[in-house]
Structures are given as C-alpha cells and as structure tokens.
Visitor: 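The structure under discussion is supplied below as structure tokens; questions concerning it will follow.
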Amino acid sequence: RLEERFGLKEAGIARSLNENDLKEEIAFFASDYLLRTLKNHMTIALTRGVTLQNMVEFLGKDVRLKFLKTDDVNVVPLMAATNISVSMDKGYRMAYSNYLIEEVAKIINGNSYQMLAPQYVTSPEAKKVFMEEKSIKEVFDLAKSADIAVAGIGTLDHNSALTNAEFIPMEEFERLQKKGGTGEILSHVIDKDGKLVKDEFEEHLLSLDLEEFKKIPIRVGVAYGLDKKEAILGVLRGGYVNVLITDEKVANYLIEETK
C-alpha cells in the first residue's frame, strides 16, 4: 500500500515490538536492499548517522559477501564531513565521521572517496571557495552520477542530529523551525509538504543539492520511530526517496495521513 500511495519501488516494513530488535530489523532491511542491488561498476552514495552505522554493521556480517564478487564499485559521501563535538561518545562520533564510507568500501571491496571539507562553513564566500576546489567538485560529481543513494531522515527537534552534532548554532536551528522546518535529508531542511525551507542556512551547507539528489535512480530513505513520522512524510511528499525502510507504526501513520 505504501508503494502505491507514494510511488515507491519498494517499502521494507519492520514489525519488531522491542526497540533493540526494531533497530536491528531496520538495519537488516537496509543492508539487504543494498546487497540485492549491488552490481559491478556501480557508484553508491551515502549520508551518515547512527541508523546507517547500524546498516553497515549488518552489511559486514552478511554471509552472502563470501560469494559476492564485485568489480569497480565506488562509495562516496553525499555531503562534506561533520566534526562532532568531543563531548559526544565515540560511537556517535564514528556514526558521523568518514568511517562509514571507508567501511562500506572495505566490506564490498570497493573504492572509497572522501570529501575533506566541513559540512557547515562560516560564510557563503567560504562555501563558494570549497565548491570550486577540484578535489571536492570531483566527489560531488561522482555523487551526482551515483546509481543508488542511501540516506537517513532526521527530525527538526531538540534531539535531532543537527543539534546533537552541534552542527549549527541554536539560533539558526530555532529560526529554521519557525519557518516550518519539520525534517531534514542530506541536512537540507524541509517543511511538512517536502518543500525546501528557504533560509541563509543553505548558503553555508556543503551537501548535494536536493534536485540533483532526485536524479539518482534509486534513493533509499532509512528512518523509523514515531518521533520521525512527520519528517518521513515530508520526505515522501517531496519525492526525495523512492525506496523506504521504516517500521509498521510509521507506515500506518503515513497511510492514515494521506487517505
């Protein structure tokens, strides 16, 4: 039903009731989808975050890897690097580091590419300089030509990745909320209808443009939990993903909200 309602290629619905089991089921669905679509000469583009880190852990344990022979697969980030505060625990810091890109490439015997620049810069002028750097432009060009992208979906509340990572000043975060921001994908803030929130924040952000992102043939959104339901609905309404991995409660909410 979700696939018909939102024009999705596939929807993976986790049904575990226990929180830890649910987290693992979501990670399994995401890693399984990635393995099923993996082909030679493919480019995989990823965001970062705890949900994707869980996916990578499951990917590394998959027995199918023993029989998988892939050639010339590239793994690239969809955005520049996030420098997480040292006050956060090591696992959280790893989830938002370049580690995920390296680890996926290592697991599938692919080539990893990094974007060695900050995700949020101090001025539009700084962004312009970084975006014109050859090494950064090359990775963005690779991301634009990706065959599959896997992205987490974030909320815009006080427990979101944007604030936990101390990624942006609190006053900017609150301004984005007041402008109707309900969620984020690739750190671009969107409203409940999936429209990009127009704000100067965009002029400081080093992340693949959402219209470019929509040109990637397979775009997997991985997010679960009722606290993310509005963010997930916004992402679907905006047409940013065409494969969704979520949980049963969120799936029921999405169906009810769009009756």
Side-chain angles (χ1 to χ4, degrees), residues 8-12 14 23-82 90-117 119 135-153 161 185-187 207-208 212-224 240-246:
L8 300 173
K9 291 178 183 289
E10 190 171 319
K23 180 178 83 170
E24 293 195 347
E25 195 177 353
I26 292 284
F28 167 74
F29 275 133
S31 64
D32 173 67
Y33 188 85
L34 187 57
L35 270 182
R36 284 191 285 118
T37 52
L38 195 58
K39 292 181 175 65
N40 290 339
H41 316 296
M42 182 181 249
T43 296
I44 301 165
L46 304 172
T47 62
R48 299 181 181 88
V50 176
T51 306
L52 262 66
Q53 185 181 36
N54 295 335
M55 176 196 82
V56 174
E57 285 175 11
F58 262 78
L59 189 66
K61 297 173 192 169
D62 200 301
V63 293
R64 286 173 290 180
L65 289 165
K66 287 182 182 177
F67 313 103
L68 193 69
K69 297 285 183 285
T70 53
D71 181 46
D72 189 35
V73 175
N74 297 322
V75 187
V76 301
L78 285 158
M79 69 257 278
T82 310
K90 185 183 175 186
Y92 195 86
R93 285 173 61 80
M94 291 288 276
Y96 287 92
S97 72
N98 289 326
Y99 154 81
L100 289 189
I101 308 297
E102 295 286 346
E103 193 63 14
V104 171
K106 185 173 150 193
I107 289 166
I108 62 172
N109 196 29
N111 314 306
S112 71
Y113 293 84
Q114 298 295 352
M115 211 174 286
L116 301 175
Q119 194 177 340
S135 62
I136 292 167
K137 188 176 179 300
E138 282 174 352
V139 180
F140 269 123
D141 286 345
L142 267 175
K144 285 176 191 175
S145 66
D147 301 283
I148 180 170
V150 185
I153 298 167
I185 182 163
L186 279 63
S187 293
S207 181
L208 187 67
E212 292 286 355
F213 177 66
K214 283 164 95 169
K215 293 175 187 174
I216 296 171
I218 303 172
R219 304 175 306 281
V220 186
V222 187
Y224 66 102
Y240 300 114
V241 300
N242 54 16
V243 174
L244 179 67
I245 292 161
T246 192

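It should be emphasised that the depicted structure is a prediction, and the values quoted were computed from it without experimental measurement.
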Visitor: Please list, chain by chain and in numerical order, all residues satisfying salt bridge (charged side-chain N to carboxylate O under 4.0 Å, His left out) with Glu138, sequence neighbours excluded.
Guide: Lys134
Visitor: Could you pull out all residues at least two apart from Ser31 that satisfy side chain to side chain contact (heavy atoms under 4.5 Å, CB included)?
Guide: Met55, Phe58, Leu59
Visitor: Quick one: are Val222 and Tyr33 in side-chain contact, heavy atoms under 4.5 Å?
Guide: no
Visitor: A side-chain contact here means heavy atoms from C-beta on lying under 4.5 Å apart; do Glu24 and Asn54 qualify?
Guide: no
Visitor: With sequence neighbours excluded, tell me which residues meet side chain to side chain contact (heavy atoms under 4.5 Å, CB included) with Asn111.
Guide: Asp72, Asn74, Tyr113
Visitor: Do the side chains of Met115 and Phe140 get nearer than 4.5 Å, heavy atoms only?
Guide: yes
Visitor: Suppose we screen for side chain to side chain contact (heavy atoms under 4.5 Å, CB included). Which residues come up paired with Leu68, at least two apart in sequence or across chains?
Guide: Leu35, Leu38, Leu65, Thr70
Visitor: Go through the structure and list residues passing side-chain hydrogen bond (donor to acceptor under 3.5 Å, both in side chains) with Asp32, not counting sequence neighbours.
Guide: Arg36, Arg64
Visitor: Taking only residues two or more places apart in sequence or in another chain, which ones pass side chain to side chain contact (heavy atoms under 4.5 Å, CB included) with Glu103?
Guide: Val56, Tyr99, Lys106, Ile107
Visitor: If we only count heavy atoms from C-beta on, is the Ile185 to Val241 side-chain gap below 4.5 Å?
Guide: yes
Visitor: Suppose we screen for salt bridge (charged side-chain N to carboxylate O under 4.0 Å, His left out). Which residues come up paired with Glu57, at least two apart in sequence or across chains?
Guide: none
Visitor: Any non-hydrogen side-chain atom of Val139 less than 4.5 Å from a side-chain atom of Gln114?
Guide: no
Visitor: For Glu212, check salt bridge (charged side-chain N to carboxylate O under 4.0 Å, His left out) against everything at least two apart and list the hits.
Guide: Lys215
Visitor: With sequence neighbours left out, which residue pairs that include part of residues 142-153 fulfil the salt bridge (Lys or Arg N to Asp or Glu O under 4.0 Å) condition?
Guide: Asp141-Lys144
Visitor: Name all residues meeting the side-chain hydrogen bond (donor to acceptor under 3.5 Å, both in side chains) criterion together with Ser112; count only those two or more places apart in sequence or in a different chain, and write none if there are none.
Guide: Glu102
Visitor: Taking atom CG of Leu78 and atom CG of Leu142, what is their separation to the nearest 0.5 Å?
Guide: 11.5 Å
Visitor: CD1 of Ile216 to CD1 of Ile44: how many Å apart, nearest 0.5 Å?
Guide: 12.0 Å
Visitor: Just how far is it from atom CZ of Phe29 to atom OG1 of Thr246, taken to the nearest 0.5 Å?
Guide: 11.0 Å
